[in-house]
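Read through the structure below, which is laid out as structure tokens, and then see the notes.
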Amino acid sequence: MASPPPPLPVPSMAASLLNNSNFKGVLLAVVSSAFIGSSFIIKKKGLKKAGASGPRASVGGYGYLLEPLWWMGMITMIVGEIANFVAYVFAPATLVTPLGALSIIVSAVLAHFLLNEKLQKMGMLGCLLCIVGSVVIVLHASDESSLASVEEIWELAIQPAFLLYTASAIAVSLVLILYCAPRYGQTNILVYIGICSIIGSLTVMSIKAVGIAIELTLEGTNQFKYFQAWVFLMVSVTCIMTQLNYLNMALDTFNTAVVSPIYYALFTSFTILASVIMFKDWSGLSASSIVSELCGFITVLSGTAILHSTREPDPPFITDLYTPLSPKVSWHIQGNGEIWKQKDEDGPDFVAILRQDYFK
């Protein structure tokens, strides 16, 4: 009697995870968030160091360009953006984009320890909500569908539903740019952020197409012989330049603590919508999984809003030569006619510096 064949080796959990494209995308997104969140702190320390010996960047100084710490922060950010770019190749945008909120947690925690920007209890709650929401999104995300060529991506891009979305996005953006921005851009925060968010959703779709084209080319199938790859590349560059331009305008006009959560909410929402239409990310999910993923996104959004609402604003930079410097001196005329001064930091103690008989 023949002996039974030996059982096939069961792959370990680690090997299964490494072969899962979603896991690679999540891992790259988390690494990206860590690098980008750290870069904010490193660059801020570099700006402070440069501002201590020359004009600050907020008043037009460029001394930070000679500061190695600032360049270290820039390099860290570039590494994070590259990791984020590659993450879109392995995982759907509905999974990668919401995980960008983790960079806010990294930035807040590092600022607490390195910049003495205290993280309040409500801020800790915001961090916890971001982590819980991210875990819910990861657990209910759909698997990325495999695409064999850039021509397949082109077919997804020219389907009627996505063409309608693209036309609507361009039309709304043009109205915001040509009509709303000149009239309401300086007073309504949604104008500039709306442009960034809508154009940003097209940026992610085109970048994902370019990333897949690069991956397939590196595997031996040249995708840049097709004109579609170059179209996606030109769309990416155009959208990135437009997006960054209006994002900088928003940051220059409004408080960063207000811009960041609104931009995250709108950008992520439009990106998820565009990805669902173009790549059909939710086509294989059950209704409960879709609802769970939406709940996870709302949880992350709530945590982001809470975290930003508890941030302490940066102290204003003093440019007026007549503005009193710390320690501040207050003058008081006492009931007996004597004139006194008080240092605010010294509490209630007073020091006499001028008596009434001085004028006799």
Side-chain angles (χ1 to χ4, degrees), residues 13 16-17 19-34 36-37 83-106 125-147 153 156-157 159 161-162 164-165 169 197-198 200-209 211-212 260-308:
M13 181 177 294
S16 300
L17 287 175
N19 290 328
N20 186 283
S21 61
N22 270 12
F23 175 77
K24 295 177 184 178
V26 169
L27 184 60
L28 286 168
V30 172
V31 171
S32 168
S33 296
I36 293 175
N84 191 57
F85 172 81
V86 179
Y88 281 113
V89 176
F90 293 104
T94 53
L95 174 58
V96 175
T97 306
L99 293 180
L102 297 178
S103 64
I104 302 174
I105 299 177
V106 174
L125 175 61
C127 291
L128 180 61
L129 287 174
C130 288
I131 294 173
V132 171
S134 299
V135 171
V136 172
I137 292 173
V138 170
L139 292 178
H140 294 88
S142 60
D143 291 329
E144 177 78 338
S145 57
S146 58
L147 297 167
I153 307 175
L156 296 175
Q159 58 184 318
F162 188 72
L164 178 61
Y165 174 83
S197 304
I198 296 171
S201 67
L202 300 179
T203 302
V204 172
M205 298 303 102
S206 54
I207 280 182
K208 185 175 179 68
I212 294 174
S260 296
I262 296 177
Y263 174 63
Y264 171 80
L266 292 181
F267 170 69
T268 306
S269 299
F270 281 115
T271 299
I272 290 175
L273 177 61
S275 184
V276 167
I277 295 173
M278 180 174 174
F279 292 100
K280 298 179 173 58
D281 291 335
W282 287 350
S283 61
L285 291 180
S286 63
S288 60
S289 295
I290 294 174
V291 171
S292 298
E293 195 165 344
L294 289 174
C295 290
F297 170 59
I298 293 173
T299 304
V300 172
L301 182 60
S302 303
T304 304
I306 292 173
L307 185 56
H308 276 282

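We use all heavy atoms of the structure for the numbers below, so side chains are in, but hydrogens, waters and symmetry mates are not.
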Next on the checklist: Check whether T268 reaches the backbone of A265 with its side chain - one donor and one acceptor, N or O, closer than 3.5 Å.
Outcome noted: no
Item to check | Reported CG-to-CG distance for the pair D281 and L273, which is rounded to 0.5 angstrom | outcome: 11.0 Å
Checklist entry - Just checking, any donor-acceptor pair under 3.5 angstrom between side chains of S286 and S289? => result yes
Item to check | Nearest heavy atoms of P98 and I137, plus distance in Å | outcome: CB-CD1, 3.5 Å
Next on the checklist: Could you tell me if the side chain of E293 sits less than 4.5 Å from the side chain of L285, heavy atoms only?
Outcome noted: yes
Item to check | Euclidean distance, I306 CD1 relative to C130 SG, rounded to 0.5 Å | outcome: 8.5 Å
Checklist entry - Do V96 and N84 have side-chain heavy atoms sitting under 4.5 Å apart? => result yes
Next on the checklist: Please give me the minimum heavy-atom distance between L266 and S197, naming the atom from each residue.
Outcome noted: CB-OG, 3.2 Å
Item to check | Over all atoms of both residues, closest heavy-atom pair of A101 and T304 | outcome: CB-OG1, 3.9 Å
Item to check | Donor-acceptor pair, side chain of S275 and main chain of T271, under 3.5 angstrom | outcome: no
Checklist entry - Which distance, rounded to the nearest 0.5 Å, do you find between the CZ of F297 and the OG1 of T299? => result 10.5 Å
Item to check | Distance-minimising heavy-atom pair for A93 and M205 | outcome: CB-CE, 4.1 Å
Checklist entry - Can L147 and L156 be said to form a side-chain contact (heavy atoms from CB on, under 4.5 Å), step by step? => result CA-CA 10 Å; L147 297 167; L156 296 175; 4.2 Å; yes
Item to check | Note, V89 side chain near K24 side chain (heavy atom, < 4.5 Å) | outcome: no
Checklist entry - Mind checking whether W282 and I277 have side chains closer than 4.5 Å, heavy atoms only? => result no
Item to check | Rounded distance [0.5 Å steps], OG in S134 versus CG in L102 | outcome: 4.0 Å
Checklist outcome for this item: When rounded to the nearest 0.5 Å, the distance separating CD1 of I153 from NZ of K208 is 8.5 Å
Checklist entry - Side chains of H140 and I290: does their closest heavy-atom pair fall under 4.5 Å? => result no
Checklist entry - Could you walk me through whether T97 and F267 pass the side-chain contact (heavy atoms from CB on, under 4.5 Å) check? => result CA-CA 9 Å; T97 306; F267 170 69; 3.8 Å; yes
Item to check | Point-to-point distance, once rounded to the nearest 0.5 Å, from SG of C127 to CG of L125 | outcome: 9.0 Å
Checklist entry - Is any side-chain heavy atom of F162 closer than 4.5 Å to a side-chain heavy atom of F279? => result no
Next on the checklist: Go through it in stages, so that I can follow the logic: the residues are L301 and L129, the test is side-chain contact (heavy atoms from CB on, under 4.5 Å), and I'd like the CA-CA distance, side-chain angles, deciding distance and then a yes or no.
Outcome noted: CA-CA 9 Å; L301 182 60; L129 287 174; over 6 Å; no
Item to check | Note, N22 side chain near F90 side chain (heavy atom, < 4.5 Å) | outcome: no
Checklist entry - Under the side-chain contact (heavy atoms from CB on, under 4.5 Å) criterion, do Y264 and V300 qualify, and how do the steps go? => result CA-CA 10 Å; Y264 171 80; V300 172; 3.0 Å; yes
Checklist entry - What are the two closest non-hydrogen atoms of A87 and L28, and how far apart are they? => result CB-CB, 3.7 Å
Next on the checklist: So does V276 get a backbone contact from the side chain of T94, meaning a donor-acceptor N/O pair under 3.5 Å?
Outcome noted: no
Checklist entry - Can you name the nearest heavy-atom pair linking A274 to S201, along with the distance? => result CB-CB, 4.1 Å
